[in-house]
S.K.: 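There's a structure below that I have some questions on.
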Amino acid sequence: MINFLRAATSDRSGADAMHAAPDALARCIDRLRDIIESETRILKQGGHVDFDALNQRKTHALLEFLQVSRTAPPQSATQIGDRVQSLQKLLSENALLLERRLQATQEITNLIVHHIRESESDGTYSIRSPGVTPK
């Protein structure tokens, strides 16, 4: 009788885990989505981005997702497929915005470096020396 109760209890907890896993995964994906949406919104507005804080939040949420996904039964993946696809689209948009911001930052950096070098140069090593015209 005791073995029967244990089996019934473990079956019930296994079934509960199967139902709880997709919910836990969905909550993790929703947290990741909220963080990425927040970053994307700030990038679109051109505001100041606290990358350290956002990266810390993303790392924590991703770690939580990985921990939950390792314990979830394989059937969970099919139940959260729409959320995963939606997150992938959002991540693609976010990556594009981050790339654009990085390119803009690089262009500004190049301009600043160019102007600093130009202002420090006395023309000694330039192709054209002052007062000399090319032939």
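Only this structure's heavy atoms are used, side chains among them; waters, hydrogens and symmetry mates stay out.
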S.K.: Do Leu96 and Leu90 belong to the same hydrophobic cluster, where Ile, Leu, Val, Met, Phe, Trp and Tyr are linked whenever their side-chain heavy atoms lie under 4.5 Å apart, directly or via other members?
M.R.: no

S.K.: Looking at side-chain heavy atoms only, is the closest gap between Arg101 and Val49 below 4.5 Å?
M.R.: yes

S.K.: Do Asp23 and Arg27 make a side-chain contact, defined as non-hydrogen atoms from C-beta onward lying under 4.5 Å apart?
M.R.: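 Yes, their side chains come closer than 4.5 Å.
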
S.K.: Apply side chain to side chain contact (heavy atoms under 4.5 Å, CB included) to residues Ile36 and Thr40 and explain how you reach the verdict.
M.R.: CA-CA 6 Å; Ile36 300 301; Thr40 300; 3.9 Å; yes

S.K.: Output the distance between atom CG (Leu87) and atom CD1 (Ile80), rounded to the nearest 0.5 Å.
M.R.: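 If I round to the nearest 0.5 Å, the distance is 9.5 Å.
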
S.K.: Between atom CG of Leu111 and atom CD of Gln106, what is the distance when rounded to the nearest 0.5 Å?
M.R.: 10.5 Å

S.K.: Can you hop from Ile108 to Ile116 via hydrophobic side chains spaced under 4.5 Å?
M.R.: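 Ile108 clusters together with Ile116.
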
S.K.: Between Ser38 (side chain only) and Asp34 (backbone N and O only), is there a donor and an acceptor less than 3.5 Å apart?
M.R.: no

S.K.: Hey, what do you get for CG (Leu102) to CG (Leu97), rounding to the nearest 0.5 Å?
M.R.: 12.5 Å

S.K.: So, for Ile42 and His48, which heavy atoms are closest and what is the spacing to 0.1 Å?
M.R.: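 Residues Ile42 and His48, closest heavy atoms: CG2-O, 3.5 Å.
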
S.K.: Just verifying a value: how many Å separate Glu99 CD and Leu43 CG, rounded to the nearest 0.5 Å?
M.R.: 12.5 Å

S.K.: Under 4.5 Å between side-chain heavy atoms, counting indirect links through other Ile/Leu/Val/Met/Phe/Trp/Tyr residues: same cluster for Leu63 and Phe65 or not?
M.R.: no

S.K.: Let me confirm one number: the CD-CG distance from Glu64 to Leu25, rounded to the nearest 0.5 Å.
M.R.: 10.0 Å

S.K.: Is it the case that more than 12 heavy atoms not belonging to Asp82 sit under 6.0 Å from its CG atom?
M.R.: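 No, because the 6.0 Å sphere around CG of Asp82 holds 12 heavy atoms or fewer from other groups.
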
S.K.: Which distance, rounded to the nearest 0.5 Å, do you find between the OG1 of Thr109 and the NE2 of His114?
M.R.: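 One gets 14.5 Å once the value is rounded to the nearest 0.5 Å.
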
S.K.: Is it the case that the side chain of Ser86 and the backbone of Arg83 share a donor-acceptor pair, with hydrogens and angles ignored and the cut-off at 3.5 Å?
M.R.: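 No; judged by distance alone, with no hydrogens or angles, the pair does not exist.
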
S.K.: Any chain of hydrophobic side-chain contacts (each under 4.5 Å) joining Val84 to Leu32?
M.R.: yes

S.K.: Does atom CD of Gln56 have more than 12 heavy-atom neighbours, drawn from other residues, nucleotides or ligands, at distances under 6.0 Å?
M.R.: no

S.K.: Is it the case that the side chain of Asn55 and the backbone of Phe51 share a donor-acceptor pair, with hydrogens and angles ignored and the cut-off at 3.5 Å?
M.R.: yes

